[in-house]
Amino acid sequence: MASKLTSPFERVYQQLLDCHGPQRWWPGDSPFEVMVGAILTQNTNWSNVEKAIANLQEQECLDASQILACKDASLAEMLRPSGYFNIKAKRLKAFCRWYLDAGGFKELSGRDTDELRHALLHVHGIGPETADDILLYAFQRPVFVIDAYTHRIFSRFGLIEEGLGYEHLRSIFEEALSPDVARYNEYHALIVKHGKDQCRPKPRCAECCLKPDCQQGNLAGTGIR
DNA sequence: ACCCAGGGTCATA
DNA sequence: TATGACCATGGG
């Protein structure tokens, strides 16, 4: 049974896990592929990103120096299925330039998390969420990723106020949850899963997060509604 | 035919 | 500093 000392954020995690099961993120075979995916999935369905990554693999371009060697137009063509392909071609190149200049994965792995985060945020096309995706899922750092689903789900639960900024929200989660890479990994993946399945932007009345066939609907005993 | 997606940048007031 | 426009494909 849940202790009063247990944070609501811990309890929601357990309920999401019971409801949806482990998500096993990030789908990707290497840290570099994870980083590429993090950029390509900006405001884009993951299934579209997979097609773009498959194109890169076919062209043997899933590599920083190969990507930089591509013409903008041909890179964009490979990225076409992921949408915003012209913009993403530029962002991907900007990232690869930084990545190689910094000495690659092994060199970057030696950096302090805050320093790494700061550096990522200075790369054109990498904002807070993409930076944190990369830190958590590629560099295995205990950084909690915030996205639109996180805002939506937790404000509907009444656990946070609406309209909080990214850093503010991230600090709430990181203070409520002990730094645990595996837990942060699974939690964000579960939030995305729950958001896609049951917490739509325009929910039908009270349907959101309250489907009877989902354990998440049983918020009794959590102290949440 | 709509709605939405694992955001970020840039121009404007 | 705070909105709004813009980027674009593909699945439900």
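Below, read A as the first sequence line, B as the second, and so on, with proteins coming before strands; counting in each chain starts at 1.
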Here the distance between atom C1' of B:dG6 and atom CD1 of A:Ile134, to the nearest Å, is 13 Å

Would you say a side-chain N or O of A:Arg152 is under 4.0 Å from OP1 or OP2 of B:dC4? no

**Aromatic stack A:Trp25/B:dG6: centroid gap under 5.5 Å, interplanar angle under 30°** = yes

query: If you measure from the P atom in B:dC3 to the same atom in C:dA5, how many Å do you get, rounded?
result: 16 Å

TODO: State plainly whether the residues A:Arg97 and A:Asp101 are in salt-bridge range, i.e. N to O under 4.0 Å.
DONE: no

Atom NZ of A:Lys88 and atom C1' of B:dG7 are separated, to the nearest Å, by 8 Å

In whole angstroms, the gap separating P of B:dG6 from CG of A:Asp197 amounts to 11 Å

Outer limits of DNA chain C sitting under 4.0 Å from a non-hydrogen atom of chain A, read 5' to 3', are C:dC7 to C:dG11

| said: Does A:Asn86 reach a base, just sugar-phosphate, or nothing at all? Heavy atoms under 4.0 Å. | reply: sugar-phosphate

| If you measure from the Lys or Arg side-chain nitrogens to the Asp or Glu carboxylate oxygens, is any gap between A:Arg141 and A:Glu174 under 4.0 Å? | no

Can you tell me if A:Tyr149 is stacked onto the base of B:dG6, using a 5.5 Å centroid cut-off and an angle below 30°? no

Separation of B:dG8 atom P from A:Leu120 atom CG, nearest Å, is 11 Å

Exercise. Determine the interplanar angle of the A:Phe139 and A:Phe105 rings, folded into 0 to 90°, and report it as parallel if under 30°, tilted if 30 to 60°, perpendicular if over 60°.
Key: parallel

A:Asn45 CG to B:dC4 P, in whole Å, measures 14 Å

Between A:Glu77 and A:Lys71, is the closest basic N to carboxylate O distance under 4.0 Å?
no

*asked:* Can you tell me how the ring of A:Tyr187 sits relative to the ring of A:Phe144, calling it parallel under 30°, perpendicular over 60° and tilted otherwise?
replied: perpendicular

Across every strand shown, the nucleotide meeting Watson-Crick or G-U wobble geometry with B:dA1 (both distances under 3.5 Å) is none

Review point. Would a hydrophobic clustering, with Ile, Leu, Val, Met, Phe, Trp and Tyr connected at side-chain separations under 4.5 Å, put A:Ile126 with A:Tyr84?
Key: no

Should the pair A:Phe157 and A:Phe154 be assigned to parallel (<30°), tilted (30 to 60°) or perpendicular (>60°) ring geometry? perpendicular

Separation of B:dC4 atom C1' from A:Tyr84 atom OH, nearest Å, is 10 Å

When rounded to whole Å, the OH to P distance for the pair A:Tyr184 and B:dG6 reads 23 Å

Between A:Gln140 and A:Val181, the two heavy atoms sitting closest are O-CG2, 3.2 Å

Whole-Å distance, A:Asp132 CG to B:dG7 C1', equals 13 Å

Nearest-nucleotide check on DNA chain B, A:His124 vs A:Thr41; residue mapping nearer the 5' end is A:Thr41

Exercise. NA contact type, A:Thr130, heavy-atom cut-off 4.0 Å: base, sugar-phosphate, or nothing?
Worked result: sugar-phosphate

Base, sugar-phosphate or nothing for A:Lys51? Non-hydrogen atoms, less than 4.0 Å. sugar-phosphate

Notebook entry, point to check: With a non-hydrogen cut-off below 4.0 angstrom, is A:Ile191 in contact with a base, only sugar-phosphate, or nothing?
Noted result: nothing

Requested in this report: Using the P atom as the reference point in each nucleotide, state the distance between B:dG6 and C:dC6 in Å, no decimals.
Outcome: 24 Å

The answer to which of A:Ser47 and A:Phe85 contacts DNA chain C further toward the 5' end, by nearest nucleotide, is A:Phe85

